S.K.: 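If you scroll down you'll find the structure; I have some questions about it.
No experiment lies behind these values; they were computed from the predicted model shown.
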Amino acid sequence: MATDYFKIEELLTEENILVQQSVREFVNQEIKPVIDEAAHNHTDLPGLMPKLGAIGALGPYIPEEYGGAGLDQISYGLIMQELEAGDSAVRSAASVQSSLVMYPIYSFGSEEQKRKYLPKLASGEMIGCFGLTEPNHGSNPSGMETKIVDKGSHYVLNGAKMWITNSPVADIAVVWARDEEGKIRGMVVERGMKGFSTPETHNKWSLRASKTGELVFENVEVPKENIFPHVNSLRGPLSCLNSARYGISWGVIGAAIDCYEVALKYSLERNQFGKPIASFQLQQKKLAEFVTEITKAQLLAWRLGTLKNQDKATPAQISMAKRNNVRMAIDIARESRQILGGMGIVGDYPMMRHAANLESVITYEGTHDIHLLITGNDITGINAFE
């Protein structure tokens, strides 16, 4: 196990370790050799989703009868960690597919919906995206303006979503909209439905190896069998976000470890003033702080994973882990770049790419400040959002 200062591997099952090792090998062979070029060229990785499906990285906690691997939550976390060591865009693709598309279909969908979509999503044959954030409502999903109207034989959907990972390439979108009674309903919207378009977002400085776009609905006729029968409130999309945030809390540890290990190796090989720069106190201070913060994040994620396996993890606990671990990772990406000096800005090394990616991660699935207020609400009982 890479960078395991407190021997956390001893707390893992054999299955956890095998899963982690197999995904790490995949990332080293398939992602790291090509990710810099993809990020530079602002292109996604061709054939990524089927490759992720082949290693069991899509919906890994979904039961095998629906195409998943039936793994526990710690295995899911470790998969996210290893994928983000490659790039946040890769982890985002797997995270969206798993937590924001497959999870709601499994949790709130009909048996027919599960059978129709989950196996193809698990294999990567089908790509999904998640439509919650709107142009006028980011941190406040309760202000949702996207509407569905019951027309008897079908619903008519109107509205727009933005900052949607994979929207330009998605086959389906899990979309959340408000019905005539004001209730939040979830549904599957399929590419090809008349009035449904997915314009791409260009000129990103972050997550450049990932496709991002909008979802636009203009009188889209959604069959009633595409509506989730088992949810009619914000509990639906928020539970999806909890699963995604949990995955992020593990994933960013991978980015931090990648930066730390590269900086450590460089500092031992780079000579200045007649000796390795690792021998200087200021560099050792940085490296020691990196491994300390990584270890704290690993312990936080591991404990959260054990609680999630027991179905005891609270949304506030997940928010704390997401906020803490993303901040840890972005700080390490920035500081580790300094150890490499000028070399830290070139694509031969991952620091600048990770740092730029993490600027998105610290914002999406709940901003850094919003997660702080979630913790504040939990410990005081006072809602600072209203």
S.K.: Assess whether side-chain contact (heavy atoms from CB on, under 4.5 Å) is satisfied between Glu200 and His202, documenting all intermediate values.
M.R.: CA-CA 6 Å; Glu200 184 173 353; His202 298 284; 3.8 Å; yes
S.K.: Identify the residue among Asn166, Ile172, Val96, Val101 that makes a side chain to side chain contact (heavy atoms under 4.5 Å, CB included) with Ile127.
M.R.: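 Answer after filtering Asn166, Ile172, Val96, Val101: Asn166.
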S.K.: Determine whether the side chains of Asn16 and Ser75 contain a donor N or O and an acceptor N or O closer than 3.5 Å.
M.R.: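 Ser75 and Asn16 do have a side-chain donor-acceptor pair below 3.5 Å.
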S.K.: Are Val175 and Leu100 connected into the same hydrophobic cluster when the rule is that any two of I, L, V, M, F, W, Y join if their side-chain heavy atoms are below 4.5 Å apart?
M.R.: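 No, no single cluster joins them.
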S.K.: Spell out, as yes or no, whether a donor-acceptor pair under 3.5 Å connects the side chain of Lys51 to the backbone of Phe26.
M.R.: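 No; zero donor-acceptor contacts below 3.5 Å.
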S.K.: From Met352 CE over to Ser336 OG, what is the distance, rounded to the nearest 0.5 angstrom?
M.R.: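 Nearest 0.5 Å value for the CE-OG distance: 11.0 Å.
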S.K.: Going by atom types alone, do Glu289 and Tyr260 pair a side-chain donor with an acceptor below 3.5 Å?
M.R.: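 No pair is found: no donor N or O on one side chain lies under 3.5 Å from an acceptor on the other.
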S.K.: Looking at every heavy atom in both Lys224 and His154, which two are closest together, and how far apart are they?
M.R.: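 Result for this residue pair: CG-CA, 3.9 Å.
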S.K.: Indicate whether the side chain of Thr212 and that of Lys204 have a donor and an acceptor atom separated by less than 3.5 Å.
M.R.: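 Present: a donor and an acceptor within the cut-off.
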S.K.: What heavy-atom pair brings Leu238 and Pro141 nearest, and what distance separates the two atoms?
M.R.: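 In this case the closest contact between Leu238 and Pro141 is CD2-CG, 4.5 Å.
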S.K.: Any side-chain heavy-atom pair from Ser98 and Tyr103 closer than 4.5 angstrom?
M.R.: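 No; the side chains remain at least 4.5 Å from each other.
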S.K.: Just wondering, are more than 12 heavy atoms of other shown residues or ligands nearer than 6.0 Å to NZ in Lys32?
M.R.: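 Yes.
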S.K.: Is it possible for you to check whether Lys114 lies under 6.0 Å from the centre of the six-membered ring of Tyr106, through NZ or CZ, and within 45° of that ring's axis?
M.R.: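 So Lys114 does make the cation-pi contact.
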S.K.: Is there a side-chain contact between Leu48 and Ile31 in this structure, where contact means two heavy atoms from C-beta onward sitting under 4.5 Å apart?
M.R.: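 Yes. Closest side-chain heavy atoms under 4.5 Å.
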S.K.: May I ask you to check whether over 12 heavy atoms, not counting those of Gln281, lie within 6.0 Å of atom CD?
M.R.: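 Not buried by this count: 12 neighbours or fewer within 6.0 Å.
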S.K.: In terms of hydrophobic clustering (I, L, V, M, F, W, Y; side-chain heavy atoms under 4.5 Å; direct or indirect links), are Ile55 and Met102 co-clustered?
M.R.: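 In one cluster with Ile55: Met102, yes.
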S.K.: Kindly say whether Lys275 contributes a backbone atom to a donor-acceptor pair with the side chain of Ser279 at under 3.5 angstrom?
M.R.: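 Pair absent, no side-chain N/O of Ser279 close to backbone of Lys275.
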S.K.: Using distance alone, with no hydrogens and no angle criterion, decide if Thr198 and Arg191 have a side-chain donor and acceptor under 3.5 Å apart.
M.R.: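 A pair is found: one side chain offers a donor N or O, the other an acceptor, under 3.5 Å apart.
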S.K.: Once you round to the nearest 0.5 Å, how far does CG of Asn226 lie from CE of Met187?
M.R.: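 It comes to 9.5 Å.
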S.K.: Does a salt bridge link Arg334 with Glu359, judged by any charged N lying under 4.0 Å from a carboxylate O?
M.R.: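 Yes, this pair counts.
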S.K.: May I ask you to check whether over 12 heavy atoms, not counting those of Phe385, lie within 6.0 Å of atom CZ?
M.R.: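 Buried by this count: over 12 neighbours within 6.0 Å.
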S.K.: Between atom CG of Leu215 and atom CZ of Phe130, what is the distance when rounded to the nearest 0.5 Å?
M.R.: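 Answer rounded to 0.5 Å: 11.0 Å.
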S.K.: Can a side-chain donor-acceptor contact be found between Tyr246 and Glu365 if the only test is distance below 3.5 angstrom?
M.R.: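 No, no side-chain donor-acceptor contact under 3.5 Å.
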S.K.: Which is it for Leu234 and Ser142 under the side-chain contact (heavy atoms from CB on, under 4.5 Å) test, yes or no, and what are the steps along the way?
M.R.: CA-CA 7 Å; Leu234 273 176; Ser142 64; 3.8 Å; yes
S.K.: Counting only N and O atoms by type, is there a donor-acceptor contact under 3.5 Å from the side chain of Asp150 to the main-chain atoms of Tyr155?
M.R.: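 Checking the backbone N and O of Tyr155 against the side chain of Asp150, no donor-acceptor pair under 3.5 Å is found.
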S.K.: So if you build clusters from Ile, Leu, Val, Met, Phe, Trp, Tyr with side-chain heavy-atom gaps below 4.5 Å, do Ile345 and Leu358 land together?
M.R.: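 They do not share one cluster, since no chain of ILVMFWY contacts under 4.5 Å joins Ile345 to Leu358.
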S.K.: Look up atom CD1 in Ile339 and atom CD in Gln284, then write down how far apart they are to the nearest 0.5 Å.
M.R.: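 Going from CD1 on Ile339 over to CD on Gln284, the span is 10.5 Å.
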S.K.: Are Thr306 and Arg303 linked by a side-chain donor-acceptor pair shorter than 3.5 Å?
M.R.: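 Per modelled atom types, Thr306 and Arg303 side chains form a pair under 3.5 Å.
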S.K.: Okay, side chain of Gln338, backbone of Glu335: is any donor-acceptor separation there less than 3.5 Å?
M.R.: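 Side chain of Gln338 to backbone of Glu335, a donor-acceptor pair under 3.5 Å: no, none is there.
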S.K.: What distance separates Leu121 CG from Ile105 CD1, expressed to the nearest 0.5 Å?
M.R.: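 Output value for this atom pair is 5.5 Å.
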S.K.: Which heavy atom of Ala94 sits nearest a heavy atom of Leu83, and at what distance?
M.R.: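 Closest approach of Ala94 to Leu83: CB-CD1, 3.6 Å.
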S.K.: Under 3.5 Å, is there a donor on one side chain and an acceptor on the other for Thr146 and Glu134?
M.R.: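 There is such a pair (donor and acceptor under 3.5 Å, judged by atom type) between the side chains of Thr146 and Glu134.
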S.K.: Sort out for me which residue in Glu84, Glu30, Glu82 forms a salt bridge (Lys or Arg N to Asp or Glu O under 4.0 Å) with Arg24.
M.R.: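 One option only clears the test, and that one is Glu82.
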S.K.: Go through the steps to decide whether Arg91 and Asp87 satisfy the test salt bridge (charged side-chain N to carboxylate O under 4.0 Å, His left out), and finish with yes or no.
M.R.: CA-CA 7 Å; Arg91 194 269 309 144; Asp87 195 81; over 6 Å; no
S.K.: Which heavy atom of Ser267 sits nearest a heavy atom of Leu287, and at what distance?
M.R.: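 Smallest heavy-atom distance, with atoms named: OG-CD1, 3.6 Å.
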S.K.: Between Arg353 (side chain only) and Asn357 (backbone N and O only), is there a donor and an acceptor less than 3.5 Å apart?
M.R.: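 Not at all, since once roles are kept as given, no pair shorter than 3.5 Å links the two residues.
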S.K.: Answer yes or no: is there a donor N or O on one side and an acceptor on the other, between the side chain of Asn158 and the main chain of Asn219, under 3.5 Å?
M.R.: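 Checking the backbone N and O of Asn219 against the side chain of Asn158, a donor-acceptor pair under 3.5 Å is found.
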S.K.: Quick one: do Leu11 and Ile257 end up in the same hydrophobic cluster if we chain Ile, Leu, Val, Met, Phe, Trp and Tyr together by side-chain heavy atoms under 4.5 Å apart?
M.R.: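 Cluster IDs for Leu11 and Ile257 match.
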S.K.: I'd like to check Glu145 versus His137 (side-chain heavy atoms, cut-off strictly below 4.5 Å). Are they in contact?
M.R.: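 A side-chain contact exists here, since the closest heavy-atom pair is under 4.5 Å.
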S.K.: What are the two closest heavy atoms between Cys259 and His354, and how far apart are they?
M.R.: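 Closest heavy-atom pair between Cys259 and His354: SG-CD2, 3.6 Å.
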S.K.: Would you confirm whether Glu261, through its side chain, and Asp258, through its main-chain N or O, come within 3.5 Å as a donor-acceptor pair?
M.R.: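 Side chain of Glu261 to backbone of Asp258, a donor-acceptor pair under 3.5 Å: no, none is there.
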S.K.: Over all heavy atoms of both residues, which pair between Ser167 and Pro199 is shortest? Give the atoms and the distance, please.
M.R.: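 Ser167 and Pro199 have their closest heavy atoms at OG-O, 4.4 Å.
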S.K.: Would you please test Arg115 and Glu65 for salt bridge (charged side-chain N to carboxylate O under 4.0 Å, His left out) and show each step?
M.R.: CA-CA 9 Å; Arg115 300 285 178 189; Glu65 65 176 303; 3.3 Å; yes
S.K.: Using the rule that Ile, Leu, Val, Met, Phe, Trp and Tyr join whenever any side-chain heavy atoms are under 4.5 Å apart, tell me whether Met80 and Leu18 fall into a single cluster.
M.R.: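 No; Leu18 is not reachable from Met80 via cluster members.
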S.K.: Are any side-chain N or O atoms of Ser123 and backbone N or O atoms of Lys120, one a donor and one an acceptor, separated by less than 3.5 Å?
M.R.: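 Yes, the answer is positive, given that a donor and an acceptor are paired below the 3.5 Å cut-off.
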S.K.: Does Lys161 use its side chain to pair, donor to acceptor, with the backbone of Thr133 at less than 3.5 Å?
M.R.: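 Checked: no pair found.
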S.K.: Kindly determine whether Leu45 and Glu37 satisfy side-chain contact (heavy atoms from CB on, under 4.5 Å), including the steps that lead there.
M.R.: CA-CA 10 Å; Leu45 298 172; Glu37 182 179 0; over 6 Å; no
S.K.: Determine whether Tyr61 and Ser99 satisfy the following criterion, side-chain contact (heavy atoms from CB on, under 4.5 Å), listing intermediate values before the conclusion.
M.R.: CA-CA 10 Å; Tyr61 49 77; Ser99 289; 3.3 Å; yes
S.K.: Parallel, tilted or perpendicular: which fits the ring planes of Phe228 and Phe108, with parallel below 30° and perpendicular above 60°?
M.R.: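 Plane angle between 30° and 60°, so tilted.
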S.K.: Look at the side chain of Thr367 and the backbone N and O of Thr363, then say whether any donor-acceptor pair between them is shorter than 3.5 Å.
M.R.: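 No; judged by distance alone, with no hydrogens or angles, the pair does not exist.
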S.K.: Return the CZ to OH distance between Arg245 and Tyr364, rounded to the nearest 0.5 Å.
M.R.: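 It is 12.0 Å, given to the nearest 0.5 Å.
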S.K.: With a 4.5 Å heavy-atom cut-off, do Leu12 and Leu78 have their side chains touching?
M.R.: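 Side-chain contact under 4.5 Å: yes.
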